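Report on the following structure.
None of the values given here were measured: they were computed from a predicted structure. The analysis underlying the following values was restricted to heavy atoms, covering all of them including side chains, and did not include hydrogens, waters or symmetry mates.
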Amino acid sequence: MAGKYWSDEELAILTEGYPKEGVRVMERLPGRTRSMIIQRAHRLGLVAPSDDWSEAEMAILKTWYQTEGSEVVKRLPGKTRAAVRAKAQRIGLLRKVRWSEEEDAILFRWYPAEGPDAAERLEGRSREAVRIHAQKLGIRCR
C-alpha cells in the first residue's frame, strides 16, 4: 500500500461495496486488511449485510466443521476463528456432546503417546476438542 490514507477511489469502492458485500469488498482493495476495512467502514457509518458468508464458505463450514472444528478457518481465508465458531453456533453445528466413558478411556490409553492425533480414534472429535478434553482430564502428551 502506498500510504496510510485512503484514496478517493478506495473510499468509493468501500462506500459502494461494503453495504452489499461486507468484508468481501477487500478483494477489490489490495493492500487493505480486513481490520482496516471494518474500521474505515465503521467511521463512515457503513453497515455490512447481516450475513457476509458466501454460499461456498457456508458449504465449507458445513462440510468440515464437525471434523475439524475451528481449524476449518484454514479453509476460509478472511474469516477469524471467532467468526467461524460464532457462525457454526448460529447454524447449529456446535453441539455440546458429552464425552463418553469409552472416549475418556481411549484418551487415557492413547493421548500420552499420540497427543491430539488420538482424535483419529474418536469419530466426530477434532484434534482441538481432543486436546482441550485431555487437558481437562489432566492427561499430558509425552
Applying side chain to side chain contact (heavy atoms under 4.5 Å, CB included), run through Trp64 and Leu61 and close with a yes or a no. CA-CA 5 Å; Trp64 296 101; Leu61 186 67; over 6 Å; no
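- A salt bridge links Glu71 and Lys74; the closest N-O separation between the charged side-chain nitrogens and carboxylate oxygens is under 4.0 Å.
- The two residues Pro116 and Arg131 make their nearest non-hydrogen contact at CG-CB, 4.4 Å.
- Cation-pi geometry between Lys136 and Trp99 is not met at under 6.0 angstrom from the ring centre and within 45 degrees of the axis.
- Looking at heavy atoms from C-beta onward, Asp117 lies out of side-chain contact with Trp110 at the 4.5 angstrom threshold.
- Taking both residues in full, the closest heavy atoms of Ser126 and Gly69 are given as CB-N, 3.9 Å, listed atom of the first, atom of the second, then distance.
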I'd like to know whether Leu44 forms a side chain to side chain contact (heavy atoms under 4.5 Å, CB included) with Leu11, so could you lay out the CA-CA distance, the side-chain angles of the two residues, the decisive distance to 0.1 Å, and finally the verdict. CA-CA 9 Å; Leu44 294 172; Leu11 290 172; 4.1 Å; yes
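- Val47 and Ile37 end up in different hydrophobic clusters when Ile, Leu, Val, Met, Phe, Trp and Tyr side chains are linked at under 4.5 Å.
- Here the shortest heavy-atom pairing between Leu107 and Ala118 reads CD2-CB, 4.3 Å.
- The cluster map of Ile, Leu, Val, Met, Phe, Trp and Tyr, joined by side-chain heavy atoms under 4.5 Å apart, puts Ile132 and Leu122 in different clusters.
- The side-chain tip of Arg32 points at the ring of Trp6 from less than 6.0 angstrom away and within 45° of straight on.
- A donor-acceptor pair is defined here as one N or O able to donate and one able to accept, closer than 3.5 Å; no such pair exists between the side chain of Gln89 and the backbone of Ala86.
- One distance of note links CD1 of Ile13 with OG of Ser7; it measures 7.0 Å at 0.5 Å rounding.
- A heavy-atom distance below 4.5 Å is found between the side chains of Ile91 and Lys62.
- Note that OG1 of Thr80 and CZ of Arg34 are 6.0 Å apart. Values are rounded to the nearest 0.5 Å.
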Walk me through it: do Glu68 and Arg75 pass the test salt bridge (charged side-chain N to carboxylate O under 4.0 Å, His left out)? CA-CA 10 Å; Glu68 295 181 356; Arg75 298 176 185 270; 2.7 Å; yes
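- Closest non-hydrogen pair, Thr15 versus Leu46, comes out as CA-CD1, 3.8 Å.
- How far CG of Leu76 is from CE of Met58: 10.0 Å, rounded to the nearest 0.5 Å.
- Checking side-chain atoms of Gln39 against main-chain N and O of Met36 turns up no donor-acceptor pair under 3.5 Å.
- At a threshold of 4.5 Å between non-hydrogen side-chain atoms, the residues Tyr111 and Leu137 do not count as touching.
- In this structure, the side chains of Ser54 and Arg24 come closer than 4.5 Å at one or more pairs of heavy atoms.
- For the pair Met26 and Thr33, the minimum side-chain heavy-atom distance is 4.5 Å or more.
- Here the closest non-hydrogen pair linking Lys79 and Val84 is CB-CG2, 4.1 Å.
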Determine, stepwise, if the pair Glu21 / Arg28 fulfils salt bridge (charged side-chain N to carboxylate O under 4.0 Å, His left out). CA-CA 11 Å; Glu21 304 167 45; Arg28 295 186 287 131; 2.3 Å; yes
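- A 4.5 Å side-chain heavy-atom check between Val130 and Arg121 finds every atom pair outside the cut-off.
- Pairing each heavy atom of Ser70 with each of Tyr65, the nearest pair is N-CE1, 3.9 Å.
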